[in-house]
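Let me begin by presenting the structure, written as structure tokens, before commenting on it.
Throughout, a chain's letter reflects where its sequence line sits, starting with A, and its residues are numbered from 1. Side chains are part of it too, since the values below use all heavy atoms of this structure and drop only hydrogens, waters and symmetry mates.
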Protein chains: 2
Amino acid sequence: MTDRTTSSIAPIVVPKASDILASQLRQMIVQGRLGAGTFLPTERSLVLESGLSRTSVRDALRILESEGLISTKVGRSGGSMVTLPGRDSVARSVELFVRTHGIRLESLLECRVAVEPTLARLAARNRTEAALAEITALHARFVASVDDVKSYKAINLDWHLAVARASGNEPLIALMEAIAMPISDAMDYQHVTTAELRAIAVKAHTVILQAIAARDEDAAFNRMERHVAGYRDIATPRNGVKPVRQV
Amino acid sequence: MTDRTTSSIAPIVVPKASDILASQLRQMIVQGRLGAGTFLPTERSLVLESGLSRTSVRDALRILESEGLISTKVGRSGGSMVTLPGRDSVARSVELFVRTHGIRLESLLECRVAVEPTLARLAARNRTEAALAEITALHARFVASVDDVKSYKAINLDWHLAVARASGNEPLIALMEAIAMPISDAMDYQHVTTAELRAIAVKAHTVILQAIAARDEDAAFNRMERHVAGYRDIATPRNGVKPVRQV
DNA sequence: GTTTAATCAATGGTCCGATAAAATGCAATG
DNA sequence: CATTGCATTTTATCGGACCATTGATTAAAC
């Protein structure tokens, strides 16, 4: 081994052409210079402007599309329209994370316990009449479905999401929507509700709804906390906590 | 207008070839049939197996790459390796959501208040010695940096993230990492810390660290809650809450 | 004149072939 | 034995062509 001077050159990463173009377009969208609803230039125009090949331009558009920043249509007045990424975009990302890492149901329920009481508090504070009406309507259907396990589960999920949406806190709503589906999936394999448990849930929802309607923030928080914490304790006993993995 | 029978055919969506291939590969990865570290076939092999063109195959790979499911390298022993999406993937998605929607700092701080107390509780419960050592080390640097605003802010962020990581709850860690950067960015424009506030923060961190070290879950929860709630109240007075938008 | 059909134009989707660039392995060379 | 140069494999990029879909325009039919 001959002794050589080391030149202290950091590793150089060569970005791909499509990544550069995608970054530029993304920045324009994020900064608001390309508002939602506006159209990007056509692929062939972008080829002329950027000097890249159509392949690279299209790669860039695919990146933005999978980030939820544009949506592309074919045909004559088609093209790539700017569409801001919705909560579903975040949900997809979280779902991939949860599934590929085999996140345990216990962790997801812990997550709910952390988030839902605050959502209930904010719902009590910020709810509109329309939002309250939606929650109330879902609650009525919830009560009616107490004997049909399948629709009971679906409506239960919808009710919790409606409460979340009433909070007005977009990041927390997004998180709630993101973990709701994996939780629901995992419960199908692990947990079988009993009529008794469903009756308890109906009672809990009732008092939470009352608190939100009365704009009683502390009551909404505390009752929701007891509700979801109870759910967690029932669903994840100390033994055999299953990972969430698609089958 | 002639009267015609309507055939009640639902709108038919024609999926793109690349989407189909991407879905199949994604499913194999999510199901674990393609574990992390394994290599997908080469592009040309996928062309032969799928019967699609190289363009479509590459489009599919670009989709998976931007989802964080594979990472592609060029060169002889190159190809597309399966790489499970990390928390950074979730963070990018959330960041795009926050920036494009102009989510208000108030909402992000509310999010922190909802999440961090639970993270502190879980950290007190699940911390390892290594994690505790890391938090302690960061705390020491935090105390030392109390006069250098720039490094103070950076270390403050790191400390909170270290506590989050010590909790062991991956979804909540991901959320915390996702909102930390937008919060930090927004604070730069809005909030100027004073020496007095920094001293208070140091004190708060000290007691939280003690609670985590002593595995006192309730104390960790309550002290963290007071800390981040105080932060929220100082940073977002009732007037002039700025949206978070990149400049 | 109104409605219907046929045609044209614009755009993204797909395919093919070729070359460039990068990473690895191997042999030649001093 | 270390270094260099060459061959090989793989993705990255390019250019061009054609197809499919959509919307607009024109022509035909009634």
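In the interface, the side chain of A:R44 is paired with the base of C:dG12 through a donor and an acceptor atom under 3.5 Å apart. Residue-to-nucleotide contacts include no donor-acceptor pair under 3.5 Å from the side chain of B:R54 to the base of C:dG17.
Regarding A:E43, its CD atom lies at a distance of 15 Å from the P atom of D:dG15, rounded to whole Å. Nucleotide D:dG16 holds its P atom 12 Å from the CG atom of A:L48, rounded to whole Å. Taking atom NZ of B:K16 as the reference point, atom P of D:dA20 lies 17 Å away to the nearest angstrom. In this entry the distance linking CD of B:E65 with C1' of D:dA12 reads 11 Å, nearest Å. If you measure from atom CZ of B:R58 to atom P of C:dG17, you get 17 Å, rounded to the nearest angstrom. For the pair B:R62 CZ and D:dT13 C1', the interatomic distance rounds to 12 Å; values are reported in whole Å. Rounded to a whole Å, the CG atom of A:L46 is 13 Å from the P atom of C:dG13. One interatomic measurement links the two molecules: CD1 of A:I20 to P of D:dA12, which rounds to 14 Å at whole-angstrom precision.
Closest to the side chain of B:R76, from the set D:dT10, C:dT24, C:dC15, is C:dT24. Side-chain proximity of B:S53 to the nucleotides C:dG12, D:dA12, C:dT14 is greatest for C:dT14. When the nucleotides D:dG15, C:dT24, C:dG13 are ranked by their closest atom to the side chain of A:T55, D:dG15 comes out on top. Distances were taken from every side-chain heavy atom of A:A17 (C-beta onward) to each of C:dA22, D:dT13, C:dG13; the shortest belongs to D:dT13. For B:L52, the listed nucleotide lying nearest its side chain is C:dC15; candidates were C:dC15, C:dG12, D:dT10. Picking from D:dT13, C:dT14, C:dG13 the nucleotide with the shortest atom distance to the side chain of B:S18 gives C:dT14. Out of C:dT11, C:dC15, C:dA22, the shortest distance to the side chain of B:S56 is found at C:dC15.
Using a 4.0 Å cut-off between a side-chain N of Lys or Arg and a carboxylate O of Asp or Glu, B:E65 and A:K16 qualify as a salt bridge. Using a cutoff of 4.0 Å between basic side-chain nitrogens and carboxylate oxygens, A:R127 and A:E134 are not scored as salt-bridged. Ion pair B:R99/B:D185 flagged as a salt bridge, since at least one NZ, NE, NH1 or NH2 atom sits closer than 4.0 Å to an Asp/Glu carboxylate oxygen. Using a 4.0 Å cut-off between a side-chain N of Lys or Arg and a carboxylate O of Asp or Glu, B:D158 and B:R141 do not qualify as a salt bridge.
Summary for the helix from C:dG1-D:dC30 to C:dG30-D:dC1: the axes at its two ends, each from 5 pairs, differ by 10° when rounded to the nearest 10 degrees.
Under the ring pair (Phe, Tyr, Trp, His ring centres under 6.0 Å) criterion, B:F97 pairs with B:H101, not counting sequence neighbours.
Of the two residues near DNA chain D, A:G51 and B:T42, the one whose nearest nucleotide lies more 5' is B:T42. Comparing A:K73 and B:V47 by the nucleotide of DNA chain C whose heavy atom lies nearest to each, the residue mapping closer to the 5' end is A:K73.
Ring planes of B:H160 and B:H205: perpendicular class, angle over 60° (limits at 30 and 60°).
A donor-acceptor pair is defined here as one N or O able to donate and one able to accept, closer than 3.5 Å; such a pair exists between the side chain of B:T128 and the backbone of B:A131. No side-chain donor-acceptor contact under 3.5 Å links A:D88 to the backbone of A:A91.
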